[in-house]
Amino acid sequence: MKISFILLFILCVGINANTLHTTKTNALSIYGTPKYLQNFTHFDYANPNAPKGGTMKGFALGTFDSLNPFVQKGNPAAELTTLVYNTLTHQSLDEPFSEYGLIADSMTKGADFIIFHINPQARFSDGVRVSAKDVAFSFETLMTKGKIEFKRYYADVKSVKVLNESEVAFYFKSDSNKELPLILGQLPILPAHIYLKNGKNTFGDNPLDLPIGSGAYRVKKFDLGRSITYERNPHYWAQNHPTQKGMYNFNQVIIEYYKDASVAQNAFMAGEYDYRIESSAKVWANDYEGRAKKEGKIILQSFKHQLPSTFQGFFFNTRNPLFADKRVREALFYAFDFEWSNKNLFFNQYERTKHIFNNSPFASSGIPQGRELEILLPYKNKLDSRIFTQNYIIPRTDGAKVRGENLRENLKYARDLLKSAGFYIKNGRLYSPQGKPFTFEILISYEAFERICLPFVKNLQKLGITATIKKVDDSQYINRVRTFAYDMVIELLGQSLFPGNEQNYYWSSAVADTNGSKNFAGVKEPVVDELIKQLLNAQDENERIAIGRALDRILLWGFYAIPHFNLPAFRVAYWRKIEMPSIAPPYGIDPYLWWERTKNNPKKPKS
């Protein structure tokens with residue numbers, strides 16, 4: 001999210017004969033006061049003296065067939081959103097949730113509306129000035145032609161109105177969604193003059209049209225499915241803007257595509273691209289050894305962060321009758337042996353993910369009490385009774401010989417659950433109450449996930465269950481996930497420090513059967529829907545946390561996914577040609593804060 005200079009002052013306006021207090025500001029924050037309020041020249045973690053020049057090469061796995069990152073169809077090229085498009089505001093990486101004006105140089109915020117004042121310097125890459133009409137066009141286009149996320153994200157916007165060339169107002173359905181002004185600031189701005197042709201909106205018609213945005217880079221060239229090259233716009237309107245100072249330092253950014261992860265790793269070691277944010281414990285532990293590392297040409301560095309864990313796990317497709325019974329899902333939950341995998345596959349690098357909102361104040365604990373209990377009690381007859389009487393157990397296999405701490409006991413408990421659900425064993429195979437063998441498919445596209453699946457499949461065999469691992473190419477995987485054509489899938493849900501609107505397209509009934517949503521499990525639970533509404537309408541931080549903990553608890557006890565693991569750090573491998581600022585932000589990692597080391601600039605300039 002994005003902003004600029006930073007002075008706050010209060011003004012009053014009259015609306016419908018009623019006086020409303022509004023705030024005109026260059027910064028937005030959900031709670032508390034934004035950090036950069038006076039003499040804002042650059043973020044503390046950015047190096048304003050970083051030299052410009054050179055080329056940075058990155059990589060991506062799979063392929064791409066589109067240059068439009070905002071529509072449902074196609075697989076867009078990497079980094080388009082970040083490099084080509086600016087948003088109304090820019091989020092800082094050293095605050096939990098604050099934004100500073102970028103395309104909007106200031107905002108006027110009321111109880112149920114916000115007005116964005118467009119920066120008169122803002123320009124698209126073709127030189128055309130960004131206007132309020134472009135903002136309204138962008139919102140209306142993304143709501144009607146964009147991905148399902150936009151429709152859920154901005155569902156509480158009642159209307160948008162262009163007030164004049166430089167001001168656009170968004171009116172809300174109520175005054176309760178405190179996150180809405182900030183997420184509107186994240187709106188990517190599209191050029192209306194490019195897409196409005198003879199009264200027709202042509203956005204999305206040709207997925208390979210070269211995009212026009214207001215960001216720091218333009219698409220220079222691309223080799224479909226193989227590589228894309230971005231060039232820094234020398235006339236970028238915001239290159240000296242406080243939120244952009246010290247960023248986007250490379251003249252070119254090239255993303256090379258690889259279909260195989262091991263080939264991509266070998267290419268990095270050969271110097272074919274410059275950095276990797278490493279996700280594989282095995283690769284991190286073993287695959288960077290070599291002459292380049294010994295000579296100090298390749299550097300491995302781990303950056304601790306304070307972000308909530310991304311929720312990764314095996315997601316059950318509850319649209320499949322096989323997984324409709326919660327007892328079945330809970331049984332399979334006890335067959336996943338994290339401790340064995342962490343020791344034998346991941347070099348003990350990971351921590352088990354125990355919550356939907358892991359590593360966050362919104363994570364539940366123990367038995368509900370206080371305000372959280374008050375929130376849950378009205379739904380007591382609709383919820384698993386254990387929520388109110390038992391601690392939620394994440395099964396372990398390295399403790400005492402009791403259920404929850406020992407694989408043998410865990411599998412016994414799983415058998416009992418399956419038996420209670422009407423399943424039975426015959427000749428060593430498990431059968432459903434309808435007499436069908438218990439078989440299902442785990443869909444993956446990333447080869448490294450096979451290592452996670454194989455020991456899980458082996459444990460399921462001990463229960464008489466046959467699970468097969470189905471690896472498909474990137475395009476087929478994307479299409480199958482979009483249409484929920486799977487039994488089980490390994491997926492990820494990014495979580496924020498302030499859970500809000502995104503939970504609607506993770507868990508709500510409204511998108512459970514909407515192709516392209518991230519409700520991978522097909523959750524259709526009225527209590528979950530109600531708590532998401534309450535979360536969005538929370539009036540203070542303590543209430544929001546209590547609701548979030550209640551939601552976390554209900555989703556966990558629904559056994560919609562088997563949580564995997566997480567690492568509270570970013571692992572970065574990079575060639576020594578790259579330099580980084582001396583301060584690492586606690587809430588993210590951004591390669592576009594880096595710059596190229598040169599002979600004339602062997603050391604880091606002072607930040």
Look only at the side chain of [X] and the backbone of [Y], and say whether a donor-acceptor pair between them is shorter than 3.5 Å.
| X | Y | answer |
| --- | --- | --- |
| R329 | T318 | no |
| Y392 | K354 | no |
| E491 | F520 | no |
| Q539 | N537 | yes |
| N519 | V511 | no |
| R549 | P361 | yes |

Using a 3.5 Å cut-off and no angle test, enumerate the donor-acceptor pairs between side-chain atoms of residues 550-566 and protein atoms at least two apart in sequence or in another chain.
from, atom 1, to, atom 2, distance (Å)
D552, OD1, I356, N, 2.8
D552, OD1, F357, N, 3.1
D552, OD2, H355, ND1, 3.0
D552, OD2, S364, N, 3.2
D552, OD2, S364, OG, 2.7
R553, NE, E372, OE2, 2.6
R553, NH1, G366, O, 2.7
R553, NH2, S365, O, 3.1
R553, NH2, E372, OE1, 3.3
R553, NH2, E372, OE2, 3.0
H564, ND1, Q312, NE2, 2.9
N566, OD1, S309, OG, 3.3
N566, ND2, E351, O, 3.4
N566, ND2, T353, OG1, 3.1

Restricting to non-hydrogen atoms, name the atom on [X] and the atom on [Y] that form the minimum distance, rounded to 0.1 Å.
| X | Y | result |
| --- | --- | --- |
| G225 | Y257 | O-CB, 3.5 Å |
| F346 | A281 | O-CB, 3.5 Å |
| S98 | P34 | OG-CA, 4.0 Å |
| G494 | Y506 | O-OH, 2.7 Å |
| P308 | S496 | CG-O, 3.4 Å |
| P368 | L376 | CB-CD1, 3.8 Å |

Residue from N479, T63, D474 passing side-chain hydrogen bond (donor to acceptor under 3.5 Å, both in side chains) with N75
D474
Flag side-chain contact, heavy atom, 4.5 Å: [X] against [Y]:
| X | Y | result |
| --- | --- | --- |
| F347 | N286 | yes |
| K151 | T514 | no |
| R403 | K412 | no |
| K470 | Y486 | no |
| F484 | N515 | yes |
| E502 | E179 | yes |
| W594 | P581 | yes |
| S508 | V528 | no |

Can you sort out the partners of [X] under ring-ring contact (aromatic ring centres under 6.0 Å, His included), two or more places apart, ordered by chain and number?
| X | value |
| --- | --- |
| F311 | F315 |
| Y505 | none |
| F150 | none |
| F388 | none |

Residue pair Y288, F268: steps toward the side-chain contact (heavy atoms from CB on, under 4.5 Å) verdict:
CA-CA 9 Å; Y288 288 98; F268 173 78; 3.6 Å; yes
Restricting to salt bridge (Lys or Arg N to Asp or Glu O under 4.0 Å), what partner residues turn up for [X], sequence neighbours left out?
| X | answer |
| --- | --- |
| D156 | none |
| R276 | E278 |
| E374 | R371 |

Name all residues meeting the side-chain contact (heavy atoms from CB on, under 4.5 Å) criterion together with K343; count only those two or more places apart in sequence or in a different chain, and write none if there are none.
N348
Excluding sequence neighbours, so at least two apart, what forms side-chain contact (heavy atoms from CB on, under 4.5 Å) with N344?
W340
Between K35 and S92, is a side-chain contact (heavy atoms from CB on, under 4.5 Å) present by the stated rule, with each step listed?
CA-CA 9 Å; K35 175 181 178 179; S92 65; over 6 Å; no
Less than 4.0 Å between a side-chain N and a carboxylate O, is that true for K401 and E409?
no
Ion pair check, K326 and E330, cut-off under 4.0 Å:
no
Within the 3.5 Å criterion, strictly below it, is a donor on [X] or [Y] matched to an acceptor on the partner's side chain?
| X | Y | answer |
| --- | --- | --- |
| N410 | D337 | no |
| Q503 | Q495 | yes |
| S475 | D473 | no |

Working for side-chain contact (heavy atoms from CB on, under 4.5 Å), residues R544 and F362:
CA-CA 8 Å; R544 192 182 187 95; F362 296 86; 3.8 Å; yes
Distance check, rounded to the nearest 0.5 Å: [X] atom [atom1] versus [Y] atom [atom2]?
| X | Y | atom1 | atom2 | value |
| --- | --- | --- | --- | --- |
| L493 | T310 | CG | OG1 | 9.0 Å |
| L430 | K419 | CG | NZ | 12.5 Å |
| R396 | R352 | CZ | CZ | 9.0 Å |
| K533 | I547 | NZ | CD1 | 13.5 Å |

Kindly indicate, with the supporting measurements, whether the criterion side-chain contact (heavy atoms from CB on, under 4.5 Å) is fulfilled by N501 and N177.
CA-CA 9 Å; N501 287 267; N177 189 337; 3.2 Å; yes
Report, one line per pair, each donor and acceptor closer than 3.5 Å where one atom sits in a side chain of residues 441-469; sequence neighbours left out.
from, atom 1, to, atom 2, distance (Å)
E441, OE2, R480, NH2, 2.9
R451, NH2, L345, O, 2.8
N459, ND2, A335, O, 3.0

Candidate pair R408 and N406, rule side-chain hydrogen bond (donor to acceptor under 3.5 Å, both in side chains), full reasoning:
CA-CA 6 Å; R408 181 181 176 86; N406 176 275; over 6 Å; no
My understanding is that only residues two or more places apart in sequence, or in another chain, count here; which of them pass side chain to side chain donor-acceptor pair (under 3.5 Å) with K524?
D513
Any idea how F336 and F314 line up, ring-wise: parallel (<30°), tilted (30 to 60°), or perpendicular (>60°)?
perpendicular
